[in-house]
Amino acid sequence: MDFIHFFFIAALLFIIGVGGVILNRTNIVVVLMSLELALLSVSLNFIIFSACLGDMTGQIFAIFILVIAACESSIGLAIILVFFRVRGSIRIDQASLLKS
């Protein structure tokens, strides 16, 4: 079975995720979604390598990555919600106000 197409899809998802984190400096929700997309592409790579090698270790790591990504997104959304309640906006350039 030819897995190279899946590798290209995972690489494209990772590039889009990292590009979203680097290029978007205004909305923190989009940055969080881009980070989740990059983590999803990493777990997809683990699953593809697991299928190529016939080993279950990659699938176990993919499940761990998905659990950590879910925890990270829930904590991140809770922080964003509190920040919106305090400041009234979720712009990243206003996050520097937390330093004082």
Side-chain angles (χ1 to χ4, degrees):
M1 190 173 209
D2 190 22
F3 292 104
I4 194 72
H5 301 294
F6 297 116
F7 289 125
F8 284 135
I9 290 172
L12 181 66
L13 286 174
F14 186 76
I15 290 170
I16 291 171
V18 171
V21 170
I22 292 172
L23 295 177
N24 188 3
R25 293 294 178 179
T26 57
N27 195 349
I28 198 162
V29 175
V30 175
V31 171
L32 189 63
M33 288 173 39
S34 298
L35 185 64
E36 293 295 323
L37 188 63
L39 286 173
L40 178 69
S41 70
V42 170
S43 68
L44 182 61
N45 265 334
F46 275 121
I47 291 172
I48 293 168
F49 278 117
S50 174
C52 285
L53 299 175
D55 191 18
M56 291 293 291
T57 308
Q59 295 175 9
I60 293 170
F61 277 120
I63 291 172
F64 284 146
I65 289 172
L66 291 177
V67 167
I68 290 172
C71 294
E72 176 260 333
S73 66
S74 66
I75 291 171
L77 286 175
I79 291 170
I80 290 169
L81 182 65
V82 169
F83 184 74
F84 180 76
R85 285 184 181 170
V86 170
R87 300 287 181 198
S89 175
I90 54 172
R91 295 180 55 90
I92 293 178
D93 55 354
Q94 294 178 352
S96 65
L97 296 174
L98 292 175
K99 293 179 183 176
S100 61

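Only heavy atoms go into these numbers, but all of them, side chains included; no hydrogens, no water, no symmetry mates. What you are looking at is a predicted structure, and each value in this text was computed from that prediction instead of being measured.
- In the hydrophobic clustering (ILVMFWY side chains linked at under 4.5 Å, chained through shared members), L81 stands by itself.
- Under the side chain to side chain contact (heavy atoms under 4.5 Å, CB included) criterion, A38 pairs with F14, not counting sequence neighbours.
- Every residue meeting the side chain to side chain contact (heavy atoms under 4.5 Å, CB included) condition with I28, not counting sequence neighbours, appears here in chain and number order: I80, I90, I92.
- The list of ring pair (Phe, Tyr, Trp, His ring centres under 6.0 Å) pairs with a residue in residues 21-55, not counting sequence neighbours, reads F7-F49, F46-F61.
- N45 contributes atom CG, which lies 5.5 Å from atom CD1 of I48 (distance to the nearest 0.5 angstrom).
- Side-chain heavy atoms closer than 4.5 Å link hydrophobic residues (I, L, V, M, F, W, Y) into clusters, and following such links, even through other members, never connects I63 to I47.
- Residue F6 is grouped with residue F8 when hydrophobic side chains (ILVMFWY) are merged at heavy-atom distances under 4.5 angstrom, including chains of intermediate members.
- Linking Ile, Leu, Val, Met, Phe, Trp and Tyr whenever their side-chain heavy atoms come within less than 4.5 Å puts I9 and I4 in one cluster.
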Atom pairs and distances, side-chain donor-acceptor, residues 51-58, under 3.5 Å, sequence neighbours left out:
from	atom 1	to	atom 2	distance (Å)
D55	OD1	T57	OG1	3.4
D55	OD2	T57	OG1	3.0

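- Shown here for S41 and L13, the closest heavy-atom pair between the two residues is CB-CB, 3.6 Å.
- Closest heavy-atom contact between A10 and L44: CB-CD2, 3.9 Å.
- Put simply, I15 and V18 are part of two different groups of oily side chains (I, L, V, M, F, W, Y) that touch within less than 4.5 Å, one to the next.
- The side-chain hydrogen bond (donor to acceptor under 3.5 Å, both in side chains) contacts involving residues 26-35 comprise N24-T26, where partners must be two or more places apart or lie in separate chains.
- Note on L32: it does not cluster hydrophobically with L39, by side-chain heavy-atom contacts below 4.5 Å among ILVMFWY residues.
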